Amino acid sequence: MQNPLTHVAIIMDGNGRWAQRNGLMRLKGHEKGARVAKDITKAVKARNIKYLTLYAFSSENWKRPKDEVEGLFRLLERFIETEIQELKDNGVKLRVIGDLDKFNSRLRQKIYYSIVETSGNRDLVLSIALNYGGRDEIIRATKKIIMESIPPEEINEKSFPDFLDTSDIPDPDLLIRTGGEKRISNFLLWQLAYTEIYFTDVLWPEFNEQELDNAINWFSGRQRRFGMTSEQVIE
Ligand code: IPE
Ligand code: IPE
Ligand code: MG
């Protein structure tokens, strides 16, 4: 039987190297990467996958040169402005995970507006990870639990995820990391516990529908055991 594929998460890595290899400024790589993100969102929806989560800016990416960080946020703002109508028309519900408190109020307003505008959509839930760090998310969740005075006996593996940014979103079935690195880089630390992880050397600006299908085909051949034996899974 084929593995059900409900949620794909992607670490979109390699924009900078792609730009450098093509004699371009790093920001050009991010611009191309944003276009690829748009195309892949459509392709994921066309494959009837219900959840897509894209890692766009990590809590560690602030360490990059100021120019690059500013350029990335300009790009993000433009992306929200130009894409909102298309997301709306295409049944895509936008969500943002990460700590938005660090953003200026104008950008926050734009993000909240886009979330509200698309909140009635049902075809695909697109979560964009912005100023996102898995450790930071777990710490923020813990603080919420303390603030709400939840008794310890009510905290368990089923209730804890309600306090994470991804509450209501199933754990990813498949994580794709482009750009050749084999690490998680602080993405979805809690949620990836049993996710199948696909690494490819393809740089994100060169990722396309064919590469997506390669990842999906690889995923469909995995045996997901969740701690059981092969025999138990086949039964
Ligand atoms: C990923 O591409 C995009 C972000 C982290 C914003 P990189 O910018 O990390 O590209 P490389 O890894 O330097 O090639
Ligand atoms: C991970 O890529 C973050 C995003 C894709 C947004 P990085 O390029 O920041 O990761 P490291 O630094 O190589 O681990
Ligand atoms: Mg990188």
Side-chain angles (χ1 to χ4, degrees), residues 7-41 43-44 51-83 94-104 107 110-111 126-140 164-166 169 172 174-192 195-208 211-212 215:
H7 183 178
V8 174
I10 309 183
I11 301 178
M12 310 182 289
D13 196 22
N15 294 349
R17 278 164 287 164
W18 178 85
Q20 275 154 357
R21 281 180 203 171
N22 289 283
L24 301 165
M25 304 283 285
R26 290 181 60 88
L27 207 55
K28 290 285 169 204
H30 296 312
E31 286 176 10
K32 176 82 167 73
R35 291 198 291 276
V36 172
K38 214 176 112 175
D39 294 345
I40 293 300
T41 301
V44 164
Y51 296 87
L52 172 66
T53 301
L54 300 175
Y55 204 5
F57 192 86
S58 77
S59 49
E60 286 71 38
N61 287 146
W62 296 104
K63 295 177 196 158
R64 294 193 177 198
K66 197 165 169 267
D67 282 3
E68 183 169 344
V69 173
E70 284 174 0
L72 275 165
F73 279 98
R74 270 200 308 276
L75 194 63
L76 174 74
E77 223 172 300
R78 217 189 312 147
F79 187 81
I80 293 174
E81 280 166 5
T82 56
E83 297 313 315
L94 183 73
R95 248 185 106 126
V96 172
I97 60 169
D99 186 359
L100 299 189
D101 286 354
K102 214 172 167 180
F103 299 155
N104 66 48
L107 180 57
K110 282 188 186 170
I111 292 171
L126 169 66
S127 305
I128 303 190
L130 291 176
N131 187 24
Y132 177 88
R135 288 183 173 180
D136 177 64
E137 181 191 32
I138 291 168
I139 296 210
R140 284 186 291 106
L164 295 169
D165 298 346
T166 51
I169 297 179
L174 169 64
L175 171 72
I176 299 171
R177 182 173 187 143
T178 63
E181 308 295 354
K182 292 183 175 60
R183 54 179 173 251
I184 298 300
S185 301
N186 204 9
F187 194 38
L188 300 175
L189 294 182
W190 173 279
Q191 298 86 340
L192 293 177
T195 301
E196 302 293 328
I197 308 185
Y198 180 85
F199 295 105
T200 170
D201 289 336
V202 173
L203 302 173
W204 178 249
E206 289 178 339
F207 197 78
N208 56 28
E211 301 294 343
L212 176 67

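Below, all heavy atoms of this structure are taken into account, side chains as well, without hydrogens, waters or symmetry copies. As the structure is a prediction and not an experimental result, all values here were calculated from the model. Both ligands and their constituent atoms are indexed starting at 1 by order of listing.
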Electrostatic pair [X]-[Y], nearest N-O below 4.0 angstrom:
X      : Y      : result
Asp136 : Arg140 : yes
Arg26  : Asp67  : no
Lys28  : Glu31  : yes

### Query
Can you tell me which residue and heavy atom of the protein come closest to atom 9 (O) of ligand 2, and the distance to 0.1 Å?
Asn61 ND2, 2.9 Å

## Note on the structure
protein heavy-atom neighbour closest to atom 14 (O) of ligand 2 works out as Ser185 OG, 2.6 Å

### Message
Please confirm whether Gly179 approaches ligand 1 to less than 4.0 Å, judged on its heavy atoms.
### Response
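Per 4.0 Å heavy-atom rule, Gly179 does not contact ligand 1.
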
### Message
I'd like to know whether ligand 1 has Gln20 as a neighbour, heavy-atom separation below 4.0 Å.
### Response
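Distance cut 4.0 Å: Gln20 fails for ligand 1.
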
### Query
Counting heavy atoms only, which part of Ala129 comes closer than 4.0 Å to ligand 2: side chain, backbone, both or neither?
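Neither part.
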
### Message
Closer than 4.0 Å to some heavy atom of Arg64 - which atoms of ligand 2 meet that?
### Response
7 (P), 8 (O), 9 (O)

### Query
Would Asp13 count as a contact for the Mg ion (ligand 3), in the sense that one of its N, O or S atoms lies under 2.8 Å from it?
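A backbone or side-chain N, O or S atom of Asp13 is under 2.8 Å from the Mg ion (ligand 3).
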
For [X], counting its heavy atoms only, list the atoms of ligand 1 lying under 4.0 Å from any of them.
X     : result
Ala56 : 6 (C)
Arg17 : 11 (P), 12 (O), 14 (O)
Met12 : 1 (C), 2 (O), 3 (C)

### Task
Looking only at distances, please establish whether an N/O atom of ligand 2 is found under 3.5 Å from an N/O atom of Asp13.
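Among all N and O atoms of Asp13, at least one is under 3.5 Å from an N or O of ligand 2.
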
### Query
Would one find more than 12 heavy atoms of other residues, nucleotides or ligands at under 6.0 Å from atom NZ of Lys66?
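Open.
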
### Message
Nearest non-hydrogen contact with atom 2 (O) of ligand 2 belongs to which option: Arg177, Glu181, Arg183?
### Response
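The nearest heavy atom belongs to Arg177.
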
### Query
Under 3.5 Å between some N or O of ligand 1 and some N or O of Phe57?
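N/O-N/O distance below 3.5 Å does not exist for this pair.
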
